[in-house]
Novice: 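So that we are looking at the same thing, I have put the structure below in structure tokens.
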Amino acid sequence: MAETDHMVANEEIALERIIGRIDGSEPGPCLIFFAGIHGNEPSGVFAFRQVLDELSQHKMVASGSIIGIAGNLWALQRSERFHTKDLNRLWTREQIEDLTKTPAILQEDQQQQQEIYELLQSLLNEETGPFYFFDLHTTSADSVPFITVNDSLLNRRFTRQYPVPLILGIEEYVEGALLSYINELGYVSFGFEGGQHEDPSALENHKMFIYLSLVFAGVVDKSRIPFDEYLMQLHGNSAGKRSFYEIYDRYEIQPDEKFVMRPGFSNFQKIKNGTQLASRNGRSITSAESAMLFMPLYQSQGNDGYFLIRKIPVFFLWLSAVLRRTQVDRIFTLLPGVRWSSGEREAMIVDLRIARFIARQIFHLFGYRSKELGSHHLVIKNREYGSRTNEYRGAPWW
């Protein structure tokens, strides 16, 4: 562990957009790893660089392509999360359209986004796929490794191979994440959190995750790596919390609000009703229920104070898969107060004054995520719309 700590402390941050790349001799899938989207999270950059060196040295990649993309280069150089705007909150349709219009004066974080967007478009046009996208992160609070994933059946099917907690539904609370944008393009894409920012074990978790991903996607044979050891070690590092969880609440920090998280909380910590969690402008914020705490904020930048999560029963995961495949959700528009938002039929608008009897959990079962549109309406968008399922059917994990 001390050796790893020394190695990280003395390694320079990659200053090129492409951290590295390996192409196999045979055609195969294209795996794209993002790292350093936040500049205070360099562990993924180091881990990918080390894995790439080991892969090259032992000639382990027989097919497909592996590409590493560095995120916010400006922020990585300065060990800051971002300049003025979080690069992982800029990937909405509106903001991407602004990038593609007549060039304007962009702030530093937007310039970084524009470069990544252009690179991403060229890779999608030049590579054959199928594509897999991974985003490597760390957390400000102490944490076991875990995966955050948009809740599509395609993502569920791939990510259940990993021996770590799987968190569904973050896209309902965090707008403009890079991988949410890629998910809407229909590809397998999700994030991996390796641990706390300064914890040397985060780098080892990232390396094991990368190796397992290469095996699961079929570009490296599992006999070439200590596959079973990595599975067991990641499972142990996640403290046996392997399961699907859903986010059901978030504390959003308001502009000009002074938010301070109370010290000592960690990810997946169980809290009781009435627990003092943080302070807002000097006044205490307490839990209104017993819950499980997720991603408490222990850094100066960001507006996500904390989330609350709960375990999803296996029965509901099975039921939602059945309901999504049958597409009986189309009957929603026969109900009063529910209509399609456009002719493409990928989203519906729900008038809560009329259809208030429909709970969000029902939408989740049918594969929809919801977003408030004013005080009386919800926009619910189908997570399965546009999914490129057929492109992955021949994969070894299918």
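When a residue number appears, it is its place in the shown sequence, counting from 1. Bear in mind that the values here come from a model prediction, so they are computed numbers and not experimental data. Computed from heavy atoms alone, side chains included, the values below leave out hydrogens, waters and symmetry copies.
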Novice: Distance check, rounded to the nearest 0.5 Å: S387 atom OG versus L185 atom CG?
Specialist: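 These two atoms lie 11.5 Å from each other.
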
Novice: Without swapping roles, check the side chain of S180 against the backbone of G176 for a donor-acceptor pair under 3.5 Å.
Specialist: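 It does not hold such a pair.
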
Novice: Under the 3.5 angstrom rule, does the side chain of D249 hit a backbone N or O of L308 as a donor-acceptor pair?
Specialist: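 A pair under 3.5 Å: no.
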
Novice: Taking atom CD1 of I309 and atom CG of N267, what is their separation to the nearest 0.5 Å?
Specialist: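 I309 atom CD1 to N267 atom CG measures 7.0 Å (nearest 0.5 Å).
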
Novice: Look at R89 together with D304 and state whether they make a salt bridge at an N to O cut-off of under 4.0 Å.
Specialist: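 A salt bridge links R89 with D304.
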
Novice: Taking all non-hydrogen atoms of both residues into account, name the closest pair between A35 and G44 and its distance.
Specialist: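 That closest heavy-atom pairing would be CB-C, 3.5 Å.
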
Novice: Considering the options F259, F294, Y173, which one meets the ring-ring contact (aromatic ring centres under 6.0 Å, His included) requirement together with Y251?
Specialist: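 When F259, F294, Y173 are each tested with Y251, the ring-ring contact (aromatic ring centres under 6.0 Å, His included) holds only for F259.
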
Novice: If you measure only the distance, is there a donor-acceptor pair under 3.5 Å linking the side chains of Q276 and S284?
Specialist: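 A pair is found: one side chain offers a donor N or O, the other an acceptor, under 3.5 Å apart.
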
Novice: Charged N to carboxylate O under 4.0 angstrom, R369 versus D151?
Specialist: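 So R369 does not pair with D151 through a salt bridge.
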
Novice: Should V164 and M292 be counted in the same cluster of Ile, Leu, Val, Met, Phe, Trp and Tyr side chains packed under 4.5 Å apart?
Specialist: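 V164 does not cluster with M292.
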
Novice: Taking the six-membered ring where the residue is Trp, are the ring centres of Y211 and F227 under 6.0 Å apart?
Specialist: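 No; F227 has its ring centre 6.0 Å or more from that of Y211.
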
Novice: Answer yes or no: are there more than 12 heavy-atom neighbours, outside K381 itself, under 6.0 Å from its atom NZ?
Specialist: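 More than 12 within 6.0 Å, yes.
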
Novice: Under 4.5 Å between side-chain heavy atoms, hopping through other hydrophobics if needed: is there a path connecting I331 to V322?
Specialist: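 No, separate clusters.
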
Novice: Will you find, in the side chains of H197 and Q299, an N or O donor that is under 3.5 Å from an N or O acceptor?
Specialist: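 Yes, a side-chain donor-acceptor pair sits under 3.5 Å.
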
Novice: For a ring pair (Phe, Tyr, Trp, His ring centres under 6.0 Å) check, start with the C-alpha distance between F190 and F133, then their side-chain angles and the critical distance, and finish with the verdict.
Specialist: CA-CA 7 Å; F190 56 95; F133 294 90; over 10 Å; no

Novice: Do you reckon V45 sits in the same ILVMFWY cluster as F82, going by side-chain contacts under 4.5 Å, direct or chained?
Specialist: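 No; tracing contacts between hydrophobic side chains, which count when under 4.5 Å, never links both residues.
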
Novice: Do the side chain of D199 and the main chain of G195 share a donor and acceptor less than 3.5 angstrom apart?
Specialist: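 Checked: no pair found.
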
Novice: Strictly under 6.0 Å, is that where the ring centroids of F268 and F146 end up?
Specialist: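 Close enough - the centres of the two rings lie under 6.0 Å apart.
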
Novice: To the nearest 0.5 Å, how far apart are CD1 in I116 and CG in L123?
Specialist: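 If I round to the nearest 0.5 Å, the distance is 11.5 Å.
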
Novice: Among side-chain atoms of Y181 and T92, is any donor-acceptor pair under 3.5 angstrom?
Specialist: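 There is no such pair between these side chains.
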
Novice: State whether a side-chain donor-acceptor pair under 3.5 Å links H137 with E41.
Specialist: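 Yes, E41 and H137 have a side-chain donor paired with an acceptor closer than 3.5 Å.
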
Novice: For R388, is the CZ atom crowded, meaning more than 12 foreign heavy atoms sit under 6.0 Å from it?
Specialist: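 Yes, because the 6.0 Å sphere around CZ of R388 holds more than 12 heavy atoms from other groups.
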
Novice: Given the rule that I, L, V, M, F, W and Y join up when any side-chain heavy atoms are under 4.5 Å apart, are L179 and L153 in one cluster?
Specialist: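 No; tracing contacts between hydrophobic side chains, which count when under 4.5 Å, never links both residues.
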
Novice: What distance separates K59 NZ from S25 OG, expressed to the nearest 0.5 Å?
Specialist: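 Reported value, rounded in 0.5 Å steps: 12.0 Å.
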
Novice: Kindly give the heavy-atom pair with the smallest separation between L212 and P163, and that separation in Å.
Specialist: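 Smallest heavy-atom distance, with atoms named: CD1-CD, 4.4 Å.
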
Novice: Side-chain heavy atoms nearer than 4.5 Å, only ILVMFWY residues, links allowed to pass through others: does that put I37 and I167 together?
Specialist: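 Shared cluster, no.
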
Novice: Working to the nearest 0.5 angstrom, can you tell me the gap between L87 CG and Q111 CD?
Specialist: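 Here the interatomic distance stands at 12.0 Å.
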
Novice: Among side-chain atoms of D23 and S65, is any donor-acceptor pair under 3.5 angstrom?
Specialist: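 Their side chains do contain a donor-acceptor pair, which is all the 3.5 Å distance test asks for.
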
Novice: Between atom CZ of F48 and atom CD1 of I67, what is the distance when rounded to the nearest 0.5 Å?
Specialist: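 Rounded to the nearest 0.5 Å, the CZ-CD1 separation comes to 8.0 Å.
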
Novice: For E171, is there an ion pair with R383 - N to carboxylate O distance below 4.0 angstrom?
Specialist: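 Looking at R383 and E171, the cut-off is met.
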
Novice: Please find the pair of heavy atoms, one from S341 and one from I349, that lie closest to each other, and give the distance.
Specialist: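 That would be CB-CG1, 3.9 Å.
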
Novice: Whether the Q301 and H38 side chains hold a donor-acceptor pair (N or O, under 3.5 Å, no angle test) is what I'd like checked.
Specialist: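 No donor-acceptor contact under 3.5 Å links the two side chains.
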
Novice: Judged by atom type as modelled, is there a donor-acceptor pair below 3.5 Å linking the side chain of R156 to the main-chain atoms of L317?
Specialist: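 Yes, because the side chain of R156 sits within donor-acceptor range (under 3.5 Å) of the backbone of L317.
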
Novice: What residues form a side-chain hydrogen bond (donor to acceptor under 3.5 Å, both in side chains) with N390, not counting sequence neighbours?
Specialist: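 For N390, the residues satisfying side-chain hydrogen bond (donor to acceptor under 3.5 Å, both in side chains) (neighbours in sequence not counted) are R393.
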
Novice: Treating N183 as the side-chain partner and S189 as the backbone partner, does any N or O pair qualify as donor plus acceptor under 3.5 Å?
Specialist: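 Indeed, once roles are kept as given, a pair shorter than 3.5 Å links the two residues.
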
Novice: Distance alone, cut at 3.5 Å: any donor-acceptor contact between the side chains of S266 and D142?
Specialist: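 No, no side-chain donor-acceptor contact under 3.5 Å.
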
Novice: Going by distance alone, is a donor N or O of one side chain under 3.5 Å from an acceptor N or O of the other, for E108 and Q110?
Specialist: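 Q110 and E108 do not have a side-chain donor-acceptor pair below 3.5 Å.
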
Novice: Indicate whether the side chain of N273 and that of S290 have a donor and an acceptor atom separated by less than 3.5 Å.
Specialist: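 Side chains of N273 and S290: no pair found under 3.5 Å.
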
Novice: Say whether Q107 and T84, considering side chains only, have a donor N or O and an acceptor N or O under 3.5 Å apart.
Specialist: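 The criterion, which ignores hydrogens and geometry beyond distance, is satisfied for T84 and Q107.
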
Novice: Suppose we screen for salt bridge (charged side-chain N to carboxylate O under 4.0 Å, His left out). Which residues come up paired with R17, at least two apart in sequence or across chains?
Specialist: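 For R17 the salt bridge (charged side-chain N to carboxylate O under 4.0 Å, His left out) partners, ignoring immediate neighbours, are E115.
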
Novice: Take the angle between the ring planes of F216 and Y162 and call it parallel below 30°, perpendicular above 60°, tilted in between.
Specialist: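 Ring orientation of F216 relative to Y162: perpendicular.
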
Novice: Under 4.0 Å between a Lys/Arg side-chain N and an Asp/Glu carboxylate O for R325 and E384?
Specialist: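 Not counted as a salt bridge, because no side-chain N and carboxylate O are separated by less than 4.0 Å.
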
Novice: Would a distance-only check, ignoring hydrogens and angles, find a side-chain to backbone donor-acceptor pair under 3.5 Å from H206 to A202?
Specialist: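 Yes, H206 side chain to A202 backbone: donor-acceptor pair under 3.5 Å.
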
Novice: Any carboxylate oxygen within less than 4.0 angstrom of a Lys/Arg side-chain nitrogen, looking at E127 and R21?
Specialist: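 Yes, this pair counts.
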
Novice: Work out which heavy atom in F34 is nearest to a heavy atom in I182; give both atom names and the distance.
Specialist: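 That closest heavy-atom pairing would be CE1-CD1, 3.8 Å.
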
Novice: Got a salt bridge between R250 and E252, using NZ or NE/NH1/NH2 to carboxylate O under 4.0 Å?
Specialist: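 Yes, charged N to carboxylate O under 4.0 Å.
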
Novice: Output, in order, the C-alpha distance, side-chain angles, deciding distance and verdict of salt bridge (Lys or Arg N to Asp or Glu O under 4.0 Å) for K207 and E54.
Specialist: CA-CA 11 Å; K207 288 185 65 176; E54 293 166 9; 2.9 Å; yes

Novice: Using only atom types and a distance under 3.5 Å, with no angle test, would you say the side chain of R353 pairs donor to acceptor with the backbone of H377?
Specialist: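 It does not hold such a pair.
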
Novice: Do we see a donor-acceptor contact under 3.5 Å between the side chains of N150 and S152?
Specialist: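 No.
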
Novice: Do Y392 and W398 have ring centres separated by under 6.0 Å?
Specialist: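 Centroid distance Y392-W398: not below 6.0 Å, so no.
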
Novice: Can you confirm whether I22 sits close enough to S56 that some side-chain heavy atom of one is under 4.5 Å from a side-chain heavy atom of the other?
Specialist: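 Touching, per the 4.5 Å side-chain cut-off.
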
Novice: Does any non-hydrogen side-chain atom of Y132 lie less than 4.5 Å from one of P29?
Specialist: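 P29 reaches Y132 side chain to side chain.
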
Novice: Any salt bridge (charged side-chain N to carboxylate O under 4.0 Å, His left out) pairs touching residues 258-274, not counting sequence neighbours?
Specialist: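 Checked against salt bridge (charged side-chain N to carboxylate O under 4.0 Å, His left out) - neighbours excluded - no pair reaches residues 258-274.
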
Novice: Would you tell me whether S342 and E346 have side-chain atoms, one donor and one acceptor, within less than 3.5 Å of each other?
Specialist: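 Yes, side-chain donor-acceptor contact under 3.5 Å.
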
Novice: When you measure from the side chain of T275 to the backbone N and O of L277, does any donor-acceptor pair fall under 3.5 Å?
Specialist: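 No: the side chain of T275 does not pair with the backbone of L277.
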
Novice: Yes or no on ring pair (Phe, Tyr, Trp, His ring centres under 6.0 Å) for Y230 and F209, after CA distance, side-chain angles and deciding distance?
Specialist: CA-CA 8 Å; Y230 288 168; F209 169 81; over 10 Å; no

Novice: Taking all atoms of both residues into account, what is the closest heavy-atom pair of S279 and I285, and its distance?
Specialist: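 Shortest heavy-atom contact: C-CD1, 4.1 Å.
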
Novice: Between P145 and G194, what is the shortest heavy-atom contact and its length?
Specialist: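 P145 and G194 have their closest heavy atoms at CB-O, 4.1 Å.
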
